[in-house]
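Reviewing the structure listed below.
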Amino acid sequence: MSETWWRGAAIYQVYLRSFADGNGDGIGDLAGLRSRLSYLADLGADAIWLNPWYPSPMADGGYDVADYRDIEPSFGTLAEAEKFIQEAHAVGIKTIIDIVPNHGSDQQEWFLQALAAGPGSRERARFWFAEGRGDLPPNDWQSIFGGPAWTRVADGQWYLHLFAPEQPDFNWTNPEVVEEFHDVLRFWFERGVDGIRIDSAAVLIKDFDSVEESYTDHDAVHEIYRGWRRIADEYGDRILIGEVWLPDQERFALYLRPDEMHTAFNFDFMARPWAAGELRASIDLTLETHLPIGAPPTWVLSNHDVPRPVTKYGRAVTSFDHGERRDGMPSDLALGERRARAAALLAMALPGSVYVYQGEELGLPEVDDIPGELRQDPIWRRSKHTVPGRDGCRVPLPWSGEEPPFGYSTGEPWLPQPASWKELTAEAQSADPNSMLCLYRTALRIRRAELGDGALRWLEAPSGVLAFTRESGLACVVNFNADPVALPPHEKVLLTSGPLEGDALPSDTAAWIRLSG
Ligand code: GLC
Ligand code: CA
């Protein structure tokens with residue numbers, strides 16, 4: 001693979017805890033992942049991005065990191081992680097890990113030291129400790145997971161946590177914090193990882209003088225990533241990928257300047273409803289903001305924080321909004337699956353890199369009947385059991401067999417799998433050429449062989465239809481209308497997300513074709 005592999009890569013997101021369990025304790029681990037690397041190679045993954053794999057009390061699924069230089073014992077050991085990196089490379093798969101710079105765990109050494117050292121200490125200056133207003137917190141900021149963003153400690157001071165109380169925020173104006181993360185980056189680059197996904201990348205700098213809640217996208221955050229880029233560049237071909245949720249695309253593009261991150265997740269596309277005009281607008285906006293700076297766009301249909309596409313696209317409202325998650329809204333799963341298949345062909349035909357969140361290739365639906373007492377997402381607790389949160393897209397994968405745990409484990413999975421998933425196992429789908437899994441495999445193979453990295457050109461199309469061609473000659477047509485439409489004149493149909501009706505493209509169906517002439 002070339003030095004710029006990441007510009008057009010298909011990146012598979014592994015939520016390790018739910019991927020495959022190698023030792024029967026019900027929790028996915030490195031042994032399980034290593035044993036299934038060939039599945040990912042067969043699928044056509046160019047790279048794997050793993051959610052945090054560090055020692056963690058799991059107050060937020062590992063995004064509460066207790067030690068940035070080791071591996072969570074229930075996942076395996078550092079030695080196994082190194083073996084995994086080598087084995088992935090041996091089958092042609094790059095590795096991307098997740099670094100969480102905004103906050104650590106309240107069980108992390110630094111935080112324990114800060115508690116012990118007391119007010120005014122150097123140890124506390126690594127976090128945001130402050131005096132309250134009498135019995136009130138220092139200000140009224142709210143946690144992104146619900147409830148106040150401050151928690152009081154025994155000596156009366158408060159500390160800031162934009163997320164759960166178990167996730168104290170670091171003070172990024174403190175050079176010790178800057179140095180510490182430089183060292184963490186080097187630690188993992190030395191061990192061969194090819195890229196870093198940067199968690200919550202836009203919220204590291206806080207403005208406490210503002211009357212408003214003010215922590216998103218302050219200019220000073222860019223200096224942090226310039227420092228990270230210098231380190232990545234010391235190692236050559238290593239990349240930085242930002243998790244940057246920003247409504248303003250111009251502000252978003254600033255993170256992708258040549259001396260900052262290589263790419264960032266494009267959540268605009270993922271958040272749009274299933275509608276031709278909306279998706280076209282998102283594609284145009286994305287291309288317009290990325291092309292001038294030379295950064296490749298990214299296309300994401302799902303991840304571990306959002307509803308599964310099959311469920312989302314089968315609902316009466318098909319957009320995604322963080323503030324209004326629509327958990328539990330009824331869904332027509334057959335319709336959702338049809339659209340999710342078409343959406344996959346659309347995303348994979350666009351210029352740039354594409355992400356596949358584990359289970360998306362199996363067409364798994366959101367699981368919305370997880371019993372309350374088994375739910376682990378802090379959103380569930382912090383919302384006082386009013387918002388179910390993200391566990392429904394984190395249920396362990398079904399690999400094989402007729403009943404849970406479906407080859408995922410020999411023990412009891414940490415979240416229960418629906419019995420109906422027997423039809424969705426990787427084994428069952430491998431045997432069915434019309435399955436979602438076979439669609440993903442074929443699409444990723446064609447994409448790698450034939451898509452190329454040339455520009456996109458829109459083709460004339462009836463209203464409700466998106467049609468574009470790439471310089472390589474591969475064209476993609478998606479029909480969002482209720483009735484079939486004729487395909488443009490073509491030499492060959494390479495792949496469709498569902499059967500054609502004669503030569504017409506049915507509703508909610510996508511086709512990859514080679515145009516004639
Ligand atoms: C990111 C992660 C999410 C996590 C949050 C706090 O948004 O994707 O899973 O809860 O950051 O670290
Ligand atoms: Ca395990």
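Because the structure is predicted, anything quoted here is derived from the model rather than measured. In each ligand, atom 1 is the first atom listed, and ligand 1 is the first ligand listed.
- Using a 4.0 Å cut-off between heavy atoms, R197 contacts ligand 1 through its side chain alone, with no backbone atom that close.
- Heavy-atom proximity to F145, at under 4.0 Å, picks out these atoms of ligand 1: 10 (O).
- The residue from D199, I144, L162 that puts a heavy atom closest to atom 1 (C) of ligand 1 is D199.
- The shortest contact between atom 7 (O) of ligand 1 and any protein heavy atom is with E243 OE2, 2.9 Å.
- Short contacts between ligand 1 and R394, defined as distances under 4.0 Å to a heavy atom of the residue, involve ligand atoms 9 (O).
- The aromatic rings of F267 and W245 lie parallel to each other, their planes meeting at an angle below 30°, with 60° marking the opposite boundary.
- Near H103, meaning under 4.0 Å from one of its heavy atoms, ligand 1 places the atoms 6 (C), 12 (O).
- Distances from the Ca ion (ligand 2) under 3.0 Å pick out these protein N/O/S atoms: D21 OD1, N23 OD1, D25 OD1, I27 O, D29 OD2.
- No salt bridge links E403 with K422; every basic N to acidic carboxylate O contact stays at or beyond 4.0 Å.
- Scanning the protein for heavy atoms near atom 5 (C) of ligand 1, the closest one is F163 CE2, 3.8 Å.
- With no hydrogens or angles considered, a side-chain donor-acceptor pair links Q13 and N51 at under 3.5 Å.
- For the pair R34 and F84, the cation-pi criterion (under 6.0 Å, within 45° of the ring axis) is not fulfilled.
- Under the salt bridge (Lys or Arg N to Asp or Glu O under 4.0 Å) criterion, D140 pairs with R133, not counting sequence neighbours.
- Proximity to R390 (heavy-atom distance under 4.0 Å) selects the following atoms of ligand 1: 3 (C), 4 (C), 9 (O), 10 (O).
- Taking the charged nitrogens against the carboxylate oxygens, E180 and R69 do have a contact shorter than 4.0 Å, which makes a salt bridge.
- For E278, the salt bridge (Lys or Arg N to Asp or Glu O under 4.0 Å) partners two or more places apart in sequence, or in a different chain, are R272.
- Using cut-offs of 30° and 60° for the angle between ring planes, the F189 and Y235 rings count as tilted.
- Distance from atom 4 (C) of ligand 1 to its nearest protein heavy atom, with residue and atom name: D60 OD2, 3.4 Å.
- Listed by number with element, the atoms of ligand 1 under 4.0 Å from a non-hydrogen atom of D305 are 2 (C), 3 (C), 7 (O), 8 (O), 9 (O).
- Using a cut-off of 4.0 Å between Lys/Arg side-chain N and Asp/Glu carboxylate O, E360 and R308 are scored as not salt-bridged.
- R126 has no carboxylate O lying under 4.0 Å from a charged side-chain N of D169, or vice versa, which leaves the two without a salt bridge.
- Of the polar atoms of W245, none of the N or O atoms is found under 3.5 Å from an N or O of ligand 1, judged by distance alone.
- In terms of the salt bridge (Lys or Arg N to Asp or Glu O under 4.0 Å) criterion, K312 has no residue partners (sequence neighbours excluded).
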